[in-house]
Amino acid sequence: AQRVTQPEKLLSVFKGAPVELKCNYSYSGSPELFWYVQYSRQRLQLLLRHISRESIKGFTADLNKGETSFHLKKPFAQEEDSAMYYCALIKPNAGKSTFGDGTTLTVKP
Amino acid sequence: EAGVTQFPSHSVIEKGQTVTLRCDPISGHDNLYWYRRVMGKEIKFLLHFVKESKQDESGMPNNRFLAERTGGTYSTLKVQPAELEDSGVYFCASSQDFTEAFFGQGTRLTVV
């Protein structure tokens, strides 16, 4: 069975500092990996997905199949990045997502 | 375009009562999912509809939970009778294909 692990429940950084939210997964095939974000009082929304290889709001995430990781990075954190971040995995052609526990990121001024 | 809508946003019920949650997906999305986040834990999959059919209901915790999707449009999730451990946030999501899912704002259920 697939599993997603986010080892940090809470992460706090100062504005302008680099930030990395860790995500490891276990799945025997080639999954699709996503990062979702939930800002205060807003709905869960897609931040980025590994297949698009894009940078959203300054965030990037690289799929490392050797380490089975999909860490989310941003070189200079902003206060508006404070939110709950979820890493998720989808089996190809399955649809349902397997989520990690989530990491609450706080960016201090 | 309207997003995924869930109703109610909050519900407080007593143990043993029945509660029905509703989800209106994005128009044209065949795939509809229910997830649940229990306090402090991860978002867990409950079930997946493709149009009106249950594609995967492996995450449904027990037979107190019943999900329906009438005519392949909106979906309801009924909990009967509710227990204390059913408290949490219930999310609905819809997608056009098997990738990006669009989430509703969630229904916070509190069973007292």
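The chains referred to below are lettered A, B, ... by the order of the sequence lines, with proteins before strands, and numbering in each begins at 1.
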(message) If hydrophobic clusters are built by linking Ile, Leu, Val, Met, Phe, Trp and Tyr wherever their side-chain heavy atoms come under 4.5 Å apart, do A:Tyr39 and A:Leu105 end up in the same one?
(response) yes
(request) Determine the minimum heavy-atom distance between A:Arg43 and B:Val4, stating which atoms define it. (result) NH1-O, 2.7 Å
(request) Count the heavy atoms of every other residue, nucleotide or ligand shown that sit under 6.0 Å from OH of A:Tyr27, and state whether that count exceeds 12. (result) yes
(request) Find the one option among B:Gln6, B:Glu42, B:His48 whose heavy-atom pairs under 4.5 Å with chain A are most numerous. (result) B:Glu42
(message) Quick check: closest heavy atoms across B:Arg37 and A:Gln38, and the distance to 0.1 Å?
(response) NH1-OE1, 3.4 Å
(message) Any non-hydrogen side-chain atom of A:Ser97 less than 4.5 Å from a side-chain atom of B:Tyr35?
(response) yes
(message) Assigning hydrophobic clusters by single linkage (Ile, Leu, Val, Met, Phe, Trp, Tyr; side-chain heavy-atom cutoff under 4.5 Å), is A:Leu48 placed with A:Leu11?
(response) yes
(message) So, taking the atom named CD1 in A:Ile90 and the one named OG in B:Ser95, what distance separates them when rounded to the nearest 0.5 Å?
(response) 7.5 Å
(request) Please check if B:Tyr90 and B:Tyr33 belong to a single hydrophobic cluster, counting links between Ile, Leu, Val, Met, Phe, Trp and Tyr side chain heavy atoms closer than 4.5 Å. (result) no
(request) May I ask whether B:Val111 and B:Leu46 are part of the same hydrophobic cluster, defined by side-chain heavy atoms of I, L, V, M, F, W, Y residues being less than 4.5 angstrom apart, directly or through others? (result) yes
(message) Applying a heavy-atom distance below 4.5 Å, give me the residues of residues 10-17 of chain B that approach chain A, sorted by number.
(response) none
(message) Please classify the contact between A:Glu32 and chain B as side chain, backbone, both or neither, with a heavy-atom cut-off of under 4.5 Å.
(response) side chain
(message) If you count heavy atoms of other groups shown closer than 6.0 angstrom to CD of B:Gln96, is the number above 12?
(response) no
(message) Which heavy atom of A:Phe99 sits nearest to which heavy atom of B:Ile43, and what is that distance?
(response) CB-O, 3.5 Å
(request) Give, as side chain, backbone, both or neither, the part of A:Lys9 having an atom under 4.5 angstrom from any heavy atom of chain B. (result) side chain
(request) With chain A as the partner chain, list the residues of residues 54-86 of chain B whose heavy atoms fall under 4.5 Å from it, by residue number, and write 'none' if nothing qualifies. (result) B:Asp56, B:Ser58
(message) Report which part of A:Leu44 has an atom under 4.5 Å of a heavy atom belonging to chain B: side chain, backbone, both, or neither.
(response) both
(request) Select one option (side chain, backbone, both, neither) describing which atoms of B:Phe91 are under 4.5 Å from chain A's heavy atoms. (result) side chain
(message) With a 4.5 Å cut-off on side-chain heavy-atom distances among I, L, V, M, F, W and Y, is there a chain of contacts connecting A:Phe34 to A:Leu63?
(response) no
(message) Just verifying a value: how many Å separate A:Leu46 CG and B:Phe103 CZ, rounded to the nearest 0.5 Å?
(response) 9.5 Å
